[in-house]
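The residues of the chain are indexed from 1 along the displayed sequence. For the numbers below, each heavy atom of this structure counts, side chains included, while hydrogens, waters and symmetry mates do not.
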Amino acid sequence: MALLETPRGELGSRAPAFSLPGVDGHILSLEQCSASPVLLVMFLCNHCPYVQAILDRLVTLGREYPRSRVAMVAINSNDATQYPEDSFANMQGLAKTMNFPFPYLLDETQEVARAYGAVCTPDLFLYDAERALRYRGRLDDAPRDPERVRQRELKEAIDALLQGKPISPLQNPSLGCSIKWRRG
């Protein structure tokens, strides 16, 4: 497992388009998220211990906001050939078991991860109503230990956007497993 840190986000950059199949059998596109004033794009996977450590908290966060205010989408870009735990069938199982309040999408070609510049799981991108990047960082200040959370950085950024307030450009990177890129 290669531990990576997300690079600084290019604040103000636009959300790349996507159109991906979800575990619910529907295709979801960036355009379908346009009604929500805030968009959170999360690059996740099933097998990464860093994702597993925050998954309950992401599900809780997803339930704190109505979809009409915050559109959240999770995208798995890992090569399931190398990592069968990240297969579409296993994605469906995890989404059902955890009762995801957000779509879980498969980026089989890995084109979407490359367009976003995603490097690890979790890699979290928060966009405003114009779909300009405003936050790229960690979920909170205790990624591996929910009992030690003192600052919910991503939630604070979401709340600031919803209130029309600025988000600090000083953002702490997310840490996680490298995206498992296809070989060849």
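In this structure, OG in Ser87 is found 11.5 Å from CG in Asp79, a value given to the nearest 0.5 Å. Interatomic distance, CG of Leu139 versus CG of Asn172, reported as 12.0 Å (0.5 Å rounding). Ile158 contributes atom CD1, which lies 8.0 Å from atom CG of Leu161 (distance to the nearest 0.5 angstrom). Note that the SG atom of Cys45 and the CG atom of Asp107 stand 12.5 Å from one another [nearest 0.5 Å]. Interatomic distance, CG of Asn76 versus NZ of Lys180, reported as 11.5 Å (0.5 Å rounding). Once rounded to the nearest 0.5 Å, the distance linking OG of Ser77 with OH of Tyr116 reads 10.5 Å.
When the side chains of ILVMFWY residues are joined at heavy-atom separations under 4.5 Å, either directly or via intervening members, Leu154 and Leu55 end up in a single hydrophobic cluster. Follow the hydrophobic side-chain contacts under 4.5 Å out from Trp181 and you never reach Phe88; the two are in separate clusters. Hydrophobic clustering (ILVMFWY, side-chain heavy atoms < 4.5 Å, transitive): Ile179 and Leu124 are in distinct clusters. No continuous path of ILVMFWY side-chain contacts below 4.5 Å connects Tyr50 to Tyr104, so the two sit in separate hydrophobic clusters. Linking ILVMFWY side-chain heavy atoms closer than 4.5 Å, directly or via other members, places Leu44 and Val41 in two distinct hydrophobic clusters.
In terms of heavy atoms, Ile54 sits closest to Pro143 at CG2-O, 3.2 Å. Heavy atoms only, all atoms of each residue included: Pro122 and Gly176 are closest at CD-CA, 4.2 Å. Here the closest non-hydrogen pair linking Arg144 and Ala53 is CA-CB, 4.1 Å. Closest of all the heavy-atom pairs between Ala132 and Gly12 is CB-O, 3.8 Å. Between Met72 and Pro103, the closest heavy-atom pair is O-CD, 3.1 Å. The shortest heavy-atom contact between Ile167 and Ala160 is CG1-CB, 3.9 Å.
In this structure the side chain of Leu126 never reaches within 4.5 angstrom of the side chain of Leu39, judged on heavy atoms. Put simply, the side chain of Pro21 does not reach to within 4.5 Å of the side chain of Leu105, judged on heavy atoms. Between Leu106 and Met91, the closest side-chain pair of non-hydrogen atoms falls below 4.5 Å. Looking at heavy atoms from C-beta onward, Asn46 lies out of side-chain contact with Gln52 at the 4.5 angstrom threshold. Within the 4.5 Å cutoff, no side-chain heavy atoms of Arg114 are placed close to those of Pro16. Looking at heavy atoms from C-beta onward, Val51 lies out of side-chain contact with Met42 at the 4.5 angstrom threshold. Using a 4.5 Å heavy-atom cutoff, the side chains of Phe18 and Val73 are in contact. Using a 4.5 Å cut-off on side-chain heavy atoms (C-beta onward), Asp140 and Arg57 make contact.
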_Evaluation steps, salt bridge (Lys or Arg N to Asp or Glu O under 4.0 Å), between Glu156 and Lys165_ = CA-CA 10 Å; Glu156 291 169 9; Lys165 296 179 180 175; over 6 Å; no

*Given the rule in the side-chain contact (heavy atoms from CB on, under 4.5 Å) test, do His26 and Leu20 qualify, once you have shown the distances and angles that lead to the verdict?*
CA-CA 8 Å; His26 297 99; Leu20 297 170; over 6 Å; no

*Would you check, one step at a time, whether the test side-chain contact (heavy atoms from CB on, under 4.5 Å) holds for Phe100 with Val59?*
CA-CA 6 Å; Phe100 281 2; Val59 168; 3.9 Å; yes

*Please lay out, stage by stage, how Phe43 and Ile75 fare under the test side-chain contact (heavy atoms from CB on, under 4.5 Å).*
CA-CA 5 Å; Phe43 287 87; Ile75 300 173; 3.8 Å; yes

*Please test Glu153 against Gln171 for side-chain contact (heavy atoms from CB on, under 4.5 Å), starting from the C-alpha separation and ending with a verdict.*
CA-CA 8 Å; Glu153 296 162 42; Gln171 300 170 4; over 6 Å; no

_Let's go through Arg152 and Asp141 carefully: what are the C-alpha distance in whole Å and the side-chain angles of both, what is the deciding distance for salt bridge (Lys or Arg N to Asp or Glu O under 4.0 Å) to 0.1 Å, and is it a yes or a no?_
CA-CA 7 Å; Arg152 296 177 70 195; Asp141 62 350; over 6 Å; no

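For Glu10, the CD atom is loosely surrounded, since the number of other residues' heavy atoms within 6.0 Å does not exceed 12. A 6.0 Å sphere centred on CD of Glu108 holds no more than 12 heavy atoms belonging to other residues, nucleotides or ligands.
Contact check on Arg134 versus Asp128 returns a salt bridge, with a Lys/Arg side-chain nitrogen under 4.0 Å from an Asp/Glu carboxylate oxygen.
When atom types are taken as modelled, the side chain of Asp123 and the backbone of Ser174 share no donor-acceptor pair closer than 3.5 angstrom. The backbone N or O of Glu130 lies less than 3.5 Å from a partner atom in the side chain of Arg14, making a donor-acceptor pair. The backbone N or O of Leu170 sits less than 3.5 Å from a side-chain atom of Ser168, completing a donor-acceptor pair.
For the 3.5 Å distance criterion, the side chains of Tyr65 and Lys155 qualify, holding a donor opposite an acceptor. Between the side chains of Gln82 and Arg183, a donor-acceptor pair is found at a separation under 3.5 Å. For Glu31 and Ser34, the side-chain atoms include no donor-acceptor pair closer than 3.5 Å.
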